[in-house]
Amino acid sequence: MLGSTIIAIGAIIQTACWSVPQMYVGRIVAGLGTGMNTATAGVWQSETSKMSSRGKLVIIQMANCITGFSISNWLTLGFSFAPRDIAWRFPLAFQIFFTLCIYMLCPFLPDSPRLLIRKGKYDEAREVLAALEGNGATPESGLVQTQFAVIKDILDREHVNTYSWWQLITGRGPPGLLRRMILGAWMQAMNQVSGINVTSYYMRSVAFEKCSEAFEN
């Protein structure tokens, strides 16, 4: 919800833009919200799904990302024929539609059992585990109790040695954790600078105009 709110704020800033610096600010704000959602959605999905379904859900998530990108491109193309500022303001404002969808759907989504156990809400965690298990499972079912015990045992082991963000950043946390964090961040950064943004946003210029010029020469 917080990430979606930040995205909506960024979309409003971009839609009401009157200068290039304001557009930069809007893009940065919306990017922060998108990063928050990207970082949390996958974790929540893995913590509220069965192991047999996680691979399928990852594929569906990626398919939804591609679908959203396709919608944005077609919307931009359609409104490129619109008069004056609406040609670019409406596609930017349309981001808010999806944040409203998240606002409407989030109240119906279960909390992560792992998060509930971490907060000490054990009864709620068992109820969520039973609901996710289905097939008439109850909080007292053996399978639910087993899953609860496994998650709680993992969390207890994680909290044996606690550390702060400063310790993590300075390398004074658990051995190898800083390296894993840097590798994860570096992979995300390389994904952005590997050329995907060029092909996504400037396909017409790169693939058509430049290629046609090359063939003409």
Side-chain angles (χ1 to χ4, degrees), residues 1-17 22-79 82 85-121 123-134 151 155 165 181 184-185 187-189 191-192 196-197 200-201:
M1 293 288 286
L2 177 59
S4 299
T5 302
I6 295 175
I7 292 174
I9 294 173
I12 293 172
I13 295 174
Q14 294 173 70
T15 305
C17 176
Q22 183 181 349
M23 178 63 73
Y24 289 160
V25 173
R27 295 294 290 178
I28 292 173
V29 172
L32 291 174
T34 302
M36 294 177 65
N37 282 358
T38 303
T40 56
V43 176
W44 174 86
Q45 178 178 281
S46 65
E47 293 179 354
T48 55
S49 60
K50 298 180 180 179
M51 293 181 61
S52 59
S53 303
R54 289 173 187 170
K56 183 193 304 180
L57 291 174
V58 169
I59 295 174
I60 293 174
Q61 181 183 3
M62 294 304 300
N64 286 337
C65 291
I66 296 171
T67 301
F69 180 70
S70 178
I71 292 174
S72 68
N73 283 335
W74 282 108
L75 189 68
T76 302
L77 175 62
F79 275 85
D85 290 355
I86 193 174
W88 61 272
R89 290 189 188 274
F90 184 86
L92 291 173
F94 195 71
Q95 301 174 76
I96 302 175
F97 169 77
F98 295 102
T99 62
L100 295 176
C101 292
I102 294 176
Y103 287 151
M104 291 186 293
L105 293 175
C106 272
F108 301 99
L109 300 177
D111 290 325
S112 165
R114 182 184 178 92
L115 177 64
L116 293 173
I117 294 175
R118 179 179 296 174
K119 292 184 175 181
K121 299 179 180 180
D123 293 337
E124 294 183 30
R126 293 188 181 92
E127 292 176 359
V128 171
L129 287 171
L132 294 174
E133 183 62 31
I151 297 173
L155 289 175
W165 278 102
M181 183 188 71
M187 289 177 61
Q188 291 293 327
N191 181 52
Q192 295 300 312
I196 184 62
N197 287 332
S200 299
Y201 298 118

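Note: hydrogens, waters and symmetry copies are ignored here, and every other heavy atom, side chains too, is used.
Between Val128 and Pro110, the shortest heavy-atom distance links the atoms CG1-CB, 4.0 Å. The minimum heavy-atom distance between Ala125 and Pro113, with the atom names listed, is CB-O, 3.9 Å. When all heavy atoms of Ile86 and Phe79 are compared, the pair lying nearest together is O-CD2, 3.9 Å.
Annotation: salt bridge (Lys or Arg N to Asp or Glu O under 4.0 Å) contacts of Arg89 (sequence neighbours excluded): Asp85. Partners of Trp74 according to the side chain to side chain contact (heavy atoms under 4.5 Å, CB included) rule, which considers only residues two or more places apart in sequence or in another chain, are Ser70, Leu77. For Ala11, the side chain to side chain contact (heavy atoms under 4.5 Å, CB included) partners are Gln95, Ile96, not counting sequence neighbours. Among residues two or more places apart in sequence or in another chain, the salt bridge (Lys or Arg N to Asp or Glu O under 4.0 Å) test is passed with Arg114 by Glu47, Glu158. In terms of the ring pair (Phe, Tyr, Trp, His ring centres under 6.0 Å) criterion, Tyr24 has no residue partners (sequence neighbours excluded).
With hydrogens and angles ignored, the 3.5 Å screen pairs no side-chain donor or acceptor of Glu124 with any backbone N or O of Leu116.
Counting only heavy atoms from C-beta outward, the side chains of Arg126 and Ile117 never approach each other to under 4.5 Å. A 4.5 Å side-chain heavy-atom check between Leu109 and Thr48 finds every atom pair outside the cut-off.
Taken to the nearest 0.5 Å, the CD1 atom of Ile6 stands 12.0 Å off from the OG1 atom of Thr99. How far CG of Leu2 is from CG of Leu32: 10.5 Å, rounded to the nearest 0.5 Å. Between the CG atom in Asn64 and the CZ atom in Phe69 there is a gap of 15.0 Å [rounded to 0.5 Å]. With rounding to the nearest 0.5 angstrom, the CD1 atom of Ile7 is 12.0 Å from the CD1 atom of Ile12. Atom-to-atom distance recorded for Lys121:NZ and Asp111:CG is 7.0 Å, nearest 0.5 angstrom. Between atom CD of residue Gln61 and atom CG of residue Leu57 there is a gap of 8.5 Å, rounded to the nearest 0.5 Å.
Under the 30°/60° scheme for interplanar angles, the aromatic rings of Phe94 and Phe98 are found to stand perpendicular.
Sequence neighbours left out, the pairs with a member in residues 25-46 that pass side chain to side chain donor-acceptor pair (under 3.5 Å) are Ser4-Asn37, Gln14-Arg27.
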